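As structure tokens, the structure follows; a few thoughts come after it.
For reference, positions follow the sequence shown, starting with 1. Since this is a predicted model, take the numbers as computed values, not measurements.
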Amino acid sequence: APCTTWRTCTALEFQAAAPTPTTDRLCQTTTVCVAGQFQTAAPTPTSNRVCVNCGAGSLDHDSNPLTPCVPCGTLRGSYVPPGMAGNCSTWVCPAGTIDQDSD
């Protein structure tokens, strides 16, 4: 078989494995952070983006992975599970229930 040029990763991919004289470059699609997550490491040509869920008691208020999650701890009587997005007031406990900790 004739020699072929190594594959070039696109702008939406990163190089997961470097090419060798006998194997092609392996490109993988870069992860996209979803609502309820924030980015802890930006993608590079040779590494993937790292996304982490917002922790319990905090949420993604703007669906922008570059901004940190905001704590809802000042809103007593609320429960925010990990990985949530929206407004803290959405997570106020219903009438007749309580949340006794700060998440």
Side-chain angles (χ1 to χ4, degrees):
C3 297
T4 58
T5 304
W6 287 325
R7 178 174 183 219
T8 301
C9 298
T10 70
L12 300 176
E13 298 176 319
F14 68 97
Q15 178 180 285
T20 70
T22 58
T23 62
D24 199 357
R25 174 180 285 115
L26 176 62
C27 300
Q28 291 184 343
T29 303
T30 303
T31 297
V32 175
C33 299
V34 298
Q37 296 181 323
F38 64 99
Q39 177 178 290
T40 58
T44 71
T46 58
S47 67
N48 199 1
R49 173 181 286 115
V50 178
C51 303
V52 176
N53 283 341
C54 294
S58 65
L59 54 72
D60 178 4
H61 71 291
D62 61 2
S63 296
N64 180 346
L66 300 180
T67 59
C69 300
V70 296
C72 294
T74 58
L75 186 62
R76 302 295 294 167
S78 65
Y79 172 69
V80 183
M84 294 295 112
N87 188 306
C88 290
S89 63
T90 304
W91 299 96
V92 173
C93 293
T97 65
I98 62 170
D99 179 49
Q100 295 180 324
D101 56 21
S102 61
D103 66 355

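Partners of Val70 according to the side-chain contact (heavy atoms from CB on, under 4.5 Å) rule, which considers only residues two or more places apart in sequence or in another chain, are Leu59, His61. Applying the side-chain contact (heavy atoms from CB on, under 4.5 Å) test to Thr29 and every residue at least two apart in sequence or in another chain returns nothing. For Ala17, the side-chain contact (heavy atoms from CB on, under 4.5 Å) partners are Leu26, not counting sequence neighbours. Remark: Thr20 pairs with Thr22, Thr23 by the side-chain contact (heavy atoms from CB on, under 4.5 Å) rule, at least two apart or across chains.
By the 4.5 Å heavy-atom criterion applied to side chains, Phe38 and Val52 are counted as neighbours. When side chains are defined from C-beta on, Val92 does not count as touching Thr90, because their heavy atoms never get closer than 4.5 Å.
The salt bridge (charged side-chain N to carboxylate O under 4.0 Å, His left out) analysis of residues 9-35, with sequence neighbours excluded, yields the pairs Arg7-Glu13.
Rounding to the nearest 0.5 angstrom, the gap separating the SG atom in Cys72 from the CG atom in Asn87 is 7.5 Å. Here the SG atom belonging to Cys27 is positioned 6.5 Å from the CD atom belonging to Gln15, to the nearest 0.5 angstrom. One finds the CH2 atom of Trp6 at 10.5 Å from the OG1 atom of Thr4 (value rounded to the nearest 0.5 Å).
Of all non-hydrogen atoms in Pro71 and Ser58, the two that sit nearest each other are CA-CB, 3.8 Å.
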Enumerate, atom names and distances included, each donor-acceptor pair closer than 3.5 Å involving a side-chain atom of residues 42-49, sequence neighbours excluded.
unit_1	atom_1	unit_2	atom_2	d
Thr44	OG1	Thr46	N	3.2
Thr44	OG1	Ser47	N	2.9
Thr44	OG1	Ser47	OG	2.7
Asn48	OD1	Thr31	N	2.8
Asn48	OD1	Thr31	OG1	3.4
Asn48	ND2	Thr31	OG1	2.8
Arg49	NE	Gln39	OE1	2.7
Arg49	NH1	Thr31	O	2.5

